[in-house]
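Inspection log for the structure reproduced underneath, given as structure tokens.
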Amino acid sequence: MAGSSVQILGTGQLLRLSRQLRAASGTPIQRNMARRIRRAAEPLRNDLQSTMRNLPMRPQGRTTRPGGPSPTTRPLRATLAEAIRISVRTSSSPGARVYVDKGRLPADLKFMAEALNDAPGGRHRHPVFNNRSRWTNQYVPALWWDKTVRRHTPRMQAEVARVLDDVRRQLG
């Protein structure tokens, strides 16, 4: 996963604008800018969450033994989807970041979104219910995070450029 987050940064433009906002003490303008940048990133976050919730995960072919019930009631895809967050900054290094908040995940799932995205050929190998003597493969669409981000990038960049133009006009 290219990081495990995506950032909207027009670094030079955003930094200059951020300095102008601080100099003009434009707190309402700054809040408006942050709200609009967050709004530009929300469709990406929602699509990433939806993609995660509906991510097809197919097991390797079964042998003659059927699988049993899961030892945990925690739904993997829903848990990972709920941890996808947006962070917006208008001060130093301004921009928006869509990321997997590892603090909202149980310890055993902290790197799961990254592992599922980076699985070579879409193959994720893991122990069966933490039994390190039995391993299995699960197949997921390769680079699901990266492909979703790529689809949204042009729209987000255009929206952030519109926000920057509007704020520049307000600062006059």
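The basis for the numbers below is simple: all heavy atoms, side chains too, and nothing from hydrogens, waters or symmetry mates.
In this structure, the side chain of K110 engages the main chain of L105 through a donor-acceptor pair within 3.5 Å. Using a distance-only test at 3.5 Å, with no hydrogens or angles considered, no donor-acceptor pair links the side chain of R89 to the main chain of A96. A donor-acceptor pair is defined here as one N or O able to donate and one able to accept, closer than 3.5 Å; such a pair exists between the side chain of N117 and the backbone of W144.
Taking OG1 of T148 as the start and CG of L55 as the end, the distance is 9.0 Å to the nearest 0.5 Å. Remark: M52 CE to W145 CH2 distance equals 8.5 Å, nearest 0.5 Å.
Residues R85 and R97 have side chains not in contact (no heavy-atom distance under 4.5 Å, counting atoms from C-beta outward). With a 4.5 Å cut-off on side-chain heavy atoms, N46 and I84 do not count as touching.
Under a cut-off of 6.0 angstrom, the local environment of CZ in R155 is crowded, with over 12 non-hydrogen atoms contributed by other residues, nucleotides or ligands.
In this structure R38 satisfies the side-chain hydrogen bond (donor to acceptor under 3.5 Å, both in side chains) test with no other residue, sequence neighbours excluded. The side-chain hydrogen bond (donor to acceptor under 3.5 Å, both in side chains) check on E159 picks up R162, with sequence neighbours excluded.
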(request) Check the pair E114, K102 against side chain to side chain contact (heavy atoms under 4.5 Å, CB included), reporting the backbone distance first and the verdict last. (result) CA-CA 11 Å; E114 201 167 330; K102 293 178 181 166; 3.7 Å; yes
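When all heavy atoms are compared, the tightest approach of L44 to V149 is CD1-CA, 3.9 Å.
Within the structure, every pair that satisfies the salt bridge (charged side-chain N to carboxylate O under 4.0 Å, His left out) test and touches residues 42-54, not counting sequence neighbours, is listed here: D47-R151, R53-E82.
In the model, R35 has a side-chain atom that pairs as donor or acceptor with a side-chain atom of N32 under 3.5 Å.
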